[in-house]
Amino acid sequence: MKKELLHIYDRLYRYFGPQHWWPAESEFEVVVGAILTQSVSWKNVETAIQNLKKEGILTIQGIADVDKGRLAELIKSTLYYNQKAEKLKRFCNHLKENYGCNIFKLFNKEMYDLRAELLSIKGIGKETADSIILYAAKKPIFVVDAYTRRIFHRLGYFREDEDYQSMQDFFMGNLPPDVDMFNEYHALIVAEGKDFCTSRKPKCNACPLSDICKYWRK
DNA sequence: GCCCAGGGGGCTC
DNA sequence: GAGCCCCATGGG
């Protein structure tokens with residue numbers, strides 16, 4: 001199993017090349033992006049991040065202090081903007097109240113303590129928490145998402161409705177805990193999902209995994 | 001006009 | 001624990 005997973009990783013890496021995730025200028029910007037990208041394409045997030053930078057409030061203090069309606073306006077491109085404005089404020093207030101706005105004090109925690117604390121903040125679920133842990137805190141947790149489920153279901157590893165935790169356990173139980181590899185693997189899965197393993201009409205003939213995919217047997 | 005994109009929470013049973 | 005609904009932009 002380990003060899004199979006590493007083989008798939010190698011295939012994707014050779015095809016797509018390094019993905020350079022997470023595109024952000026700071027650890028805090030990763031967190032903001034992780035919340036804003038919930039159920040929306042990254043393009044929409046970039047617009048919002050630029051707005052926050054222009055406004056000069058892409059800081060913990062800045063978001064904690066800005067008017068909630070104003071914040072919602074600035075991130076309007078990211079869908080569910082009212083809820084996301086609340087989420088950003090909740091996270092920043094948590095950092096302000098417990099860590100004096102120093103995100104690294106939070107990130108210094110042991111990985112699973114950090115995960116539990118992130119999950120306790122309303123608006124941060126498993127995928128968002130794990131993205132923060134891997135891409136901002138740089139600890140070796142495997143991020144799972146809808147693409148992961150779809151691709152590995154079609155490859156024959158998961159059921160169509162496989163739950164998050166069992167998918168994460170599967171990867172973490174069969175791969176060495178390597179931050180750089182986990183970083184690339186998740187990003188490569190997203191690239192594969194976007195370009196080939198799409199939900200409606202998968203482009204199987206061009207897919208770098210088609211010859212080992214159960215879904216493509218015609 | 002439709003569908004879906006780098007989800008999460010809340011509610012019911 | 002599963003099954004539903006809500007949130008509410010932008011690109012193809």
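Below, chain A is the first sequence line, B the second, and so on; all start at residue 1. These numbers come from a predicted model, not from an experiment.
- In the model, A:Q168 has no side-chain atom that pairs as donor or acceptor with a side-chain atom of A:K126 under 3.5 Å.
- Between the side chains of A:Q61 and A:D65, at least one donor N or O sits under 3.5 Å from an acceptor N or O.
- Taking atom P on both B:dC3 and C:dC5, the two are 15 Å apart, rounded to the nearest angstrom.
- Computed from coordinates, the A:R149 CZ to B:dG6 P distance equals 15 Å when rounded to whole Å.
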Let's go through A:F158 and A:F170 carefully: what are the C-alpha distance in whole Å and the side-chain angles of both, what is the deciding distance for ring-ring contact (aromatic ring centres under 6.0 Å, His included) to 0.1 Å, and is it a yes or a no? CA-CA 10 Å; A:F158 295 151; A:F170 173 73; 5.3 Å; yes
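- Atom NE2 of A:H20 is separated from atom P of B:dG6 by 19 Å (rounded to the nearest Å).
- A salt bridge links A:R70 with A:E73: the distance from a Lys NZ or Arg NE/NH1/NH2 to an Asp or Glu carboxylate oxygen falls below 4.0 Å.
- No engagement by A:I35 is indicated, since no non-hydrogen atom pair under 4.0 Å with the nucleic acid exists.
- The residue among A:T198 and A:A129 whose nearest nucleotide of DNA chain B is located toward the 5' end is A:T198.
- When each of A:R200 and A:A146 is assigned the nucleotide of DNA chain B bearing its nearest heavy atom, the one mapping closer to the 5' terminus is A:R200.
- Between A:Y185 and A:F142, the two ring planes are perpendicular [angle over 60°; tilted spans 30° to 60°].
- For the residue pair A:D169 and A:Q165, a side-chain donor N or O sits within less than 3.5 Å of a side-chain acceptor on the partner.
- Rounded to an integer number of Å, the gap from A:Y164 OH to B:dG8 P is 8 Å.
- A salt bridge links A:D130 to A:R115: at least one charged side-chain nitrogen sits closer than 4.0 Å to a carboxylate oxygen.
- The nearest whole Å value for the distance from the CH2 atom in A:W42 to the C1' atom in B:dG7 is 14 Å.
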Contact state string [nucleotides 1-12 of chain C, B base, S sugar-phosphate only, - no protein heavy atom under 4.0 Å]: ------BBBS--
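- Atom OH in A:Y185 sits roughly 19 Å away from atom P in B:dG6 (whole-Å rounding).
- Other residues, nucleotides and ligands contribute over 12 non-hydrogen atoms within 6.0 Å of the NZ atom of A:K139.
- Within the nucleic acid shown, A:K84 has no heavy atom closer than 4.0 Å to any nucleic acid atom.
- At most 12 non-hydrogen atoms from other residues, nucleotides or ligands lie less than 6.0 angstrom from CD of A:E160.
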Just the dot-bracket of DNA chain C, please: which string comes out with Watson-Crick or G-U pairs under 3.5 Å, [ ] for crossing, | for another strand? |||||||.||||
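- Phosphate contact (OP1/OP2 of B:dG6, side-chain N/O of A:S39, threshold under 4.0 Å): absent.
- Note: CG (A:D145) to P (B:dG7) measures 6 Å, nearest angstrom.
- One can place CD of A:Q165 at 17 Å from P of B:dG7, the figure rounded to the nearest angstrom.
- Between A:F152 and A:F171, the ring planes lie perpendicular to each other; the angle is over 60°, past the 30° to 60° tilted range.
- Using C1' as the reference atom, B:dG1 and C:dG10 are 15 Å apart when rounded to the nearest Å.
- One can place CD1 of A:I124 at 9 Å from P of B:dG9, the figure rounded to the nearest angstrom.
- Atom C1' of C:dA8 sits at a distance of 14 Å from the matching atom of B:dA5, rounded to the whole Å.
- At the phosphate of B:dA5, OP1 or OP2 sits under 4.0 Å from a side-chain N or O atom of A:R150.
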